[in-house]
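Naming convention: chains lettered A, B, ... in sequence-line order (proteins, then strands); numbering from 1 in each chain. As a basis for the values below, the full set of heavy atoms in this structure was taken, side chains included, without hydrogen atoms, waters or symmetry mates.
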2 protein chains.
Amino acid sequence: MEFENTVIHEEVVARVKEKMPQEEPIYEVSELFKVFGDSTRSRIICALHIEELCVNDLSTLLNMTQSAVSHQLRILRQARLVKSRKDGRVVYYSLDDDHIGEIFSLAFAHIMEEREG
Amino acid sequence: MEFENTVIHEEVVARVKEKMPQEEPIYEVSELFKVFGDSTRSRIICALHIEELCVNDLSTLLNMTQSAVSHQLRILRQARLVKSRKDGRVVYYSLDDDHIGEIFSLAFAHIMEEREG
DNA sequence: ACTATATATGAACAACTATTCATATGAATG
DNA sequence: CATTCATATGAATAGTTGTTCATATATAGT
């Protein structure tokens, strides 16, 4: 890290620094996006947005090994984005948060507009 | 990849498969989130959401080398999330999309609610 | 032209991540 | 209680990514 930057617009930097959100929330937001930023996890989220599914069904649906799906579900669980319900030896997963759907909807809208424009 | 999964709920899988968004948009959405999923890029986006900034000011503000910031700006440019304006040898960056702010606002709202609950 | 400054970029490296493989856990069933 | 089935998990690996360092490009000033 260098600190020898010639500050071109000191006032601007000061102004923006004052208005900037705190470091910690920004960090957490990007951690959330990092979880979304994998196509396997995105596909899992899309599927669970439609309906509750067990691990085996998910791996069939996504054409992936049970292990790979299970590993990703763990990440989603740790991020509190999905919740699980156990029925015998079958574990059913579903979305644990209402915001997720909204965020994905906006992202989809963005992608779709990009395609047109 | 294994295809030897014992399908537990065939009808459910079939139903969800039918309702699932297409592969390609999901892939693009997760690519978008991947760009957001780095704290340096998130900080850049937050800063530019407040005000247009040049590279040098950004690196001062974020306490990072000019090179590191420049590399991340390239990624944001390629994703069409920021646009640049050249004035002499100074290059000013600003957000290139209205959706970005909304998506970040929702994500922040989510993070803040997580902190309370 | 020469120098200083603002930004961009290529190569290298370290850190991280997603999948696979092997195996463990835990619950139902005969 | 041994076996089968659904899921979870640890280790290993291959691929990706962010930063640094060195350097290139481009523009302004002298």
Side-chain angles (χ1 to χ4, degrees), chain A residues 1-10 12-13 27 30-31 33-45 52-79 82-94, chain B residues 1-10 12-13 27 30-45 48 52-79 82-94:
Chain A
M1 282 242 217
E2 280 171 12
F3 303 95
E4 303 172 21
N5 282 321
T6 313
V7 181
I8 305 181
H9 311 96
E10 288 190 48
V12 177
V13 173
Y27 188 76
S30 57
E31 285 301 305
F33 286 135
K34 200 171 285 176
V35 176
F36 293 158
D38 171 78
S39 57
T40 296
R41 288 191 293 267
S42 282
R43 294 204 295 155
I44 291 175
I45 289 171
E52 175 190 72
L53 286 164
C54 71
V55 180
N56 210 333
D57 287 352
L58 267 172
S59 65
T60 303
L61 179 73
L62 306 181
N63 241 314
M64 300 187 66
T65 62
Q66 173 269 319
S67 181
V69 172
S70 200
H71 276 296
Q72 297 308 326
L73 283 170
R74 189 164 65 91
I75 293 172
L76 290 168
R77 230 185 305 125
Q78 286 172 344
V82 302
K83 59 172 182 265
S84 61
R85 171 177 75 81
K86 208 168 184 178
D87 183 16
R89 37 189 182 190
V90 181
V91 180
Y92 293 92
Y93 281 88
S94 57
Chain B
M1 291 242 214
E2 280 171 13
F3 303 95
E4 304 171 20
N5 281 322
T6 313
V7 181
I8 305 180
H9 311 97
E10 288 190 50
V12 177
V13 173
Y27 188 77
S30 58
E31 285 301 305
L32 176 67
F33 285 136
K34 201 173 285 177
V35 176
F36 293 158
D38 171 77
S39 57
T40 297
R41 289 192 292 269
S42 282
R43 292 203 297 155
I44 291 175
I45 289 171
L48 297 184
E52 174 190 72
L53 286 164
C54 72
V55 180
N56 211 336
D57 286 353
L58 268 172
S59 65
T60 303
L61 179 73
L62 306 180
N63 241 313
M64 298 187 68
T65 62
Q66 173 270 319
S67 181
V69 171
S70 201
H71 276 296
Q72 297 308 327
L73 282 170
R74 188 163 66 90
I75 293 173
L76 290 168
R77 231 185 305 126
Q78 287 172 343
V82 303
K83 58 174 182 263
S84 61
R85 171 177 75 81
K86 207 168 185 178
D87 183 15
R89 40 189 181 187
V90 181
V91 180
Y92 293 91
Y93 281 87
S94 56

Find the distance I75(B):CD1 to dA8(C):C1' and express it as a whole number of Å. 13 Å
For S39(A) and for K86(A), locate the closest nucleotide of DNA chain C by heavy-atom distance; then report the residue assigned to the nucleotide nearer the 5' terminus. S39(A)
Please name the pair of heavy atoms, one in I44(A) and one in L62(A), separated by the smallest distance, quoted to 0.1 Å. CG1-CD1, 3.5 Å
Side chain D57(B), main chain H9(A), donor-acceptor under 3.5 Å: yes
Any non-hydrogen side-chain atom of L73(B) less than 4.5 Å from a side-chain atom of L58(B)? yes
Distance-only donor-acceptor check, side chains Y93(A) and R85(A), under 3.5 Å: no
Nearest-angstrom distance from the residue atom CD1 of I8(A) to P of dA4(C): 17 Å
Picking from dT7(C), dT9(C), dT7(D), the nucleotide nearest the side-chain atoms of R77(B) would be dT9(C)
Under 4.0 Å between a side-chain N or O of R89(B) and OP1 or OP2 of dA8(C)? no
Closest to the V90(A) side chain, choosing from dA6(D), dG18(D), dT7(C): dA6(D)
Looking at Q72(B), I'd like to know whether one of its side-chain N or O atoms comes within less than 4.0 Å of OP1 or OP2 on dT19(D). yes
Give a yes or no answer on whether the side chain of S42(A) reaches the backbone of F36(A) with a donor-acceptor pair at less than 3.5 Å. yes
What nucleic acid atoms does Y92(B) come within less than 4.0 Å of, heavy atoms only: base, sugar-phosphate, or nothing? nothing
Can you tell me how far P of dT7(C) sits from CD1 of I44(B), to the nearest Å? 13 Å
Considering only heavy atoms and no angle criterion, is a donor-acceptor pair shorter than 3.5 Å present between the side chain of S67(B) and the base of dT9(C)? yes
Distance criterion of 3.5 Å, no angle test: do you see the side chain of T65(B) paired donor-to-acceptor with the base of dT19(D)? no
Testing dT7(D), dT19(D), dT19(C) for proximity to the side chain of S70(A), the answer is dT7(D)
Quick one: is dT7(C) close enough that its OP1 or OP2 comes under 4.0 Å of any side-chain N or O from R74(B)? no
Which nucleotide sits closest to the side chain of K34(A): dT17(C), dT7(D), dT19(D)? dT17(C)
Could you tell me the separation between the CG atom of N63(B) and the P atom of dG18(D), rounded to a whole number of Å? 19 Å
Between CD of E31(B) and C1' of dT16(D) the distance, given in whole Å, is 11 Å
Could a donor-acceptor pair under 3.5 angstrom be found where the side chain of H71(A) meets the base of dT7(D)? no
Does Y93(B) make a side-chain N or O approach to OP1 or OP2 of dA6(C) shorter than 4.0 Å? no
What is the separation between atom NE2 on H9(B) and atom P on dA6(D), rounded to the nearest whole Å? 10 Å
Would you say the side chain of Q66(B) and the base of dA6(C) hold a donor-acceptor pair, judged only by whether the two atoms sit under 3.5 Å apart? no
